[in-house]
Every structure is written in C-alpha cells, then in structure tokens.
Amino acid sequence: MIFFRLRPNTELLGTESYALDVSVLLDGRSKCTDLELKKELEADVVSILSQPGIRLGKVFCAYEDEVSLYDLKFYRVWNKDYLSRKNRFVC
C-alpha cells in the first residue's frame, strides 16, 4: 500500500508547491536482508514523484511490523479507484 501526506491539503495556485511525504508499506514481516530492496523502492518513488509543483519530503519503505497505526494516521491511502470514479475514468 502507498500512503501520502500532502501539505497543504487544499488546492494551490499553479505557482505554488505541495509538500509530499510518502510511505510504502510492504506486506509481511521485516527481513534484515531487504535493506537494499527498500533503498531501491525509495529511489524509484523519488524518481517518479520528482515533478514540478511537488516538494518531496520524507520517503520511506517499511514492512507491516515496522510501522504502527499511530504513524500511519497522519497519512492518507492512495486510492486510484476513488480517483477513477470521481473523474469518471474507466479503468
């Protein structure tokens, strides 16, 4: 699952930028040998989301047993189905 924290959480003018934190939650338990996988995924996220109008903040990947529900309550789940229905896109 991918979680985002967007600041501000309102629409901005075209000249302003959003601050964006991203958390990628990986299925299962942490494995000490997967540090390289996490680093690769974090680099991919940074590469994809480095766009005009976005200031990337914290980007991290973690397994389910490394993150608490408290940590995630500040984020929103990216839901492409909601966006598709809201904008009447057909997937």
Side-chain angles (χ1 to χ4, degrees):
M1 295 182 85
I2 300 174
F3 294 84
F4 292 104
R5 188 169 93 179
L6 187 66
R7 292 175 319 275
N9 196 20
T10 59
E11 190 169 346
L12 298 177
L13 299 174
T15 57
E16 299 176 302
S17 296
Y18 289 99
L20 181 66
D21 296 332
V22 182
S23 175
V24 179
L25 189 61
L26 304 170
D27 287 335
R29 295 185 163 286
S30 65
K31 302 172 183 108
C32 294
T33 58
D34 284 348
L35 294 176
E36 288 302 315
L37 172 65
K38 288 181 187 180
K39 288 180 184 176
E40 285 180 33
L41 288 172
E42 289 168 359
D44 288 345
V45 168
V46 169
S47 174
I48 291 167
L49 295 177
S50 293
Q51 302 292 324
I54 298 174
R55 290 185 327 271
L56 279 179
K58 185 171 156 183
V59 175
F60 72 97
C61 295
Y63 283 93
E64 293 170 330
D65 65 341
E66 298 175 312
V67 178
S68 71
L69 291 175
Y70 178 80
D71 294 331
L72 293 177
K73 83 175 196 174
F74 301 103
Y75 289 79
R76 295 179 185 261
V77 175
W78 179 58
N79 186 338
K80 71 178 179 73
D81 293 333
Y82 167 77
L83 294 173
S84 297
R85 284 186 300 237
K86 178 181 170 191
N87 295 304
R88 296 190 176 123
F89 295 128
V90 178
C91 295

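The figures that follow rest on heavy atoms only: side chains count, while hydrogens, waters and symmetry mates do not.
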Exercise for the section: With rounding to the nearest 0.5 Å, note down the distance linking CG in Leu25 to CD1 in Ile2. Expected result: 10.5 Å
Problem - Distance (rounded to the nearest 0.5 Å) between Glu36 CD and Leu41 CG - result: 11.5 Å
Exercise for the section: Would you list the pairs meeting side chain to side chain donor-acceptor pair (under 3.5 Å) in which at least one residue belongs to residues 40-55, sequence neighbours left out? Expected result: none
Exercise for the section: Check side chain to side chain donor-acceptor pair (under 3.5 Å) between Arg7 and all other residues, then give those that pass, not counting sequence neighbours. Expected result: Asp21
Exercise for the section: Sequence neighbours left out, what passes side chain to side chain contact (heavy atoms under 4.5 Å, CB included) with Leu49? Give chain and number order. Expected result: Phe4, Leu20, Val22, Val45, Leu56
Exercise for the section: Kindly indicate whether the side chain of Val77, heavy atoms from C-beta on, has any atom under 4.5 Å from the side chain of Met1. Expected result: yes
Result block: side-chain N/O donor-acceptor pairs under 3.5 angstrom for residues 57-71, not counting sequence neighbours:
from, atom 1, to, atom 2, distance (Å)
Tyr63, OH, Asp34, OD2, 2.4
Glu64, OE1, Gly28, N, 3.1
Asp65, OD1, Ser30, N, 2.9
Asp65, OD2, Ser30, N, 3.3
Glu66, OE1, Lys38, NZ, 2.8
Glu66, OE1, Tyr63, N, 2.7
Glu66, OE2, Lys38, NZ, 2.9
Ser68, OG, Tyr70, N, 3.4
Ser68, OG, Asp71, N, 3.1
Ser68, OG, Asp71, OD2, 3.2
Asp71, OD2, Ser68, N, 3.3

